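Note that this is a predicted model, so its numbers are computed, not measured.
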Amino acid sequence: GAIRGMFGIARPELPPELAPRVRPGQRLSLELVYALGSKRDPAARSTQRVRGMDDMVAAARRSIRELSPYEVKRKLKGEQVVFLDVRDPDARDARIKGAVNVPRGELEQRIGEIVTDPRALILTYCEHGRHGALAARQLQDLGYENVWNLYGGMAAWLADRMPVERR
């Protein structure tokens with residue numbers, strides 16, 4: 001019992017098919033091997049390469065939905081939409097009319113008070129669509145069901161001459 005506690009192992013379990021074949025004296029050492037083996041050793045060298053921003057955005061894009069500015073105008077007309085600007089405040093001089101600014105780094109802390117309904121229609125956007133894609137993924141992970149990202153971001157919105165508010 002003392003050794004188990006020392007290793008921080010609550011209840012190490014042997015695979016059931018192995019248990020009958022283990023002699024009583026071997027049991028603890030085998031339990032330790034299995035319990036320790038099931039936790040990743042933080043000192044072990046990582047085989048996976050570190051993912052860059054492009055990889056993260058590509059992964060996010062595979063699991064979110066995106067709309068072009070034209071599709072936003074066509075599909076979301078008349079809908080109650082929360083336009084969520086995830087850029088840093090100093091990085092913007094124009095925004096979509098009525099947008100709420102929550103920088104991506106503050107999303108987890110602030111979104112709950114801004115959007116209380118998990119079914120609310122949310123359109124995330126940033127300057128070029130990359131941070132917006134990550135924010136959309138983050139919102140899905142937080143339980144929001146109806147999230148879209150503006151493909152191409154504010155740059156595409158402006159290029160398509162869509163309406164904006166200047167600050």
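What you find for Y151 and P69 is that their closest heavy atoms are O-CD, 4.0 Å. The shortest heavy-atom contact between H128 and A155 is ND1-CB, 3.6 Å. Considering every non-hydrogen atom in both A60 and A133, the closest pair reads CB-O, 3.8 Å. Of all heavy-atom pairs spanning E79 and K75, the tightest one is CG-O, 4.2 Å.
Between D93 and R166 the shortest side-chain heavy-atom distance falls below 4.5 Å. Residues I96 and V72 have side chains not in contact (no heavy-atom distance under 4.5 Å, counting atoms from C-beta outward). Residues P103 and R110 meet the side-chain proximity criterion, which asks for heavy atoms closer than 4.5 Å. Contact annotation: the side chain of V115 never approaches that of L139 to less than 4.5 Å [non-hydrogen atoms, C-beta and beyond].
Residue N101 holds its CG atom at 7.5 Å from CZ of R95, rounded to the nearest 0.5 Å. Atom CD1 in I114 sits 8.0 Å away from atom CG in L107 (nearest 0.5 Å). We find the CD1-CD distance between I122 and E145 to be 10.0 Å, quoted to the nearest 0.5 Å. To the nearest 0.5 Å, atoms CG (L67) and CZ (R74) are separated by 9.5 Å. The distance from atom CZ of R87 to atom NE2 of H131, rounded to the nearest 0.5 Å, is 11.5 Å. Rounded to the nearest 0.5 angstrom, L76 CG and W148 CH2 are separated by 7.5 Å.
In the hydrophobic cluster analysis, where Ile, Leu, Val, Met, Phe, Trp and Tyr join through side-chain heavy atoms closer than 4.5 angstrom, L142 is grouped together with V100. In the hydrophobic cluster analysis, where Ile, Leu, Val, Met, Phe, Trp and Tyr join through side-chain heavy atoms closer than 4.5 angstrom, W157 is grouped together with V81. In terms of hydrophobic clustering, with Ile, Leu, Val, Met, Phe, Trp and Tyr side chains grouped at heavy-atom distances under 4.5 Å, L150 and M154 are assigned to a common cluster. There is no path of hydrophobic side-chain contacts, each under 4.5 Å, that joins I64 to L123. No continuous path of hydrophobic side-chain contacts links L121 to V147 [ILVMFWY only; heavy atoms under 4.5 Å].
In this structure, E113 places its CD atom where more than 12 heavy-atom neighbours from other residues, nucleotides or ligands lie under 6.0 Å away. Within a 6.0 Å sphere centred on CZ of F83, other residues, nucleotides and ligands contribute more than 12 heavy atoms.
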Run N149 and Y125 through side-chain hydrogen bond (donor to acceptor under 3.5 Å, both in side chains) and show every step you take. CA-CA 6 Å; N149 179 44; Y125 73 92; over 6 Å; no
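At least one donor-acceptor pair under 3.5 Å links the side chain of E71 to the backbone N or O of S68.
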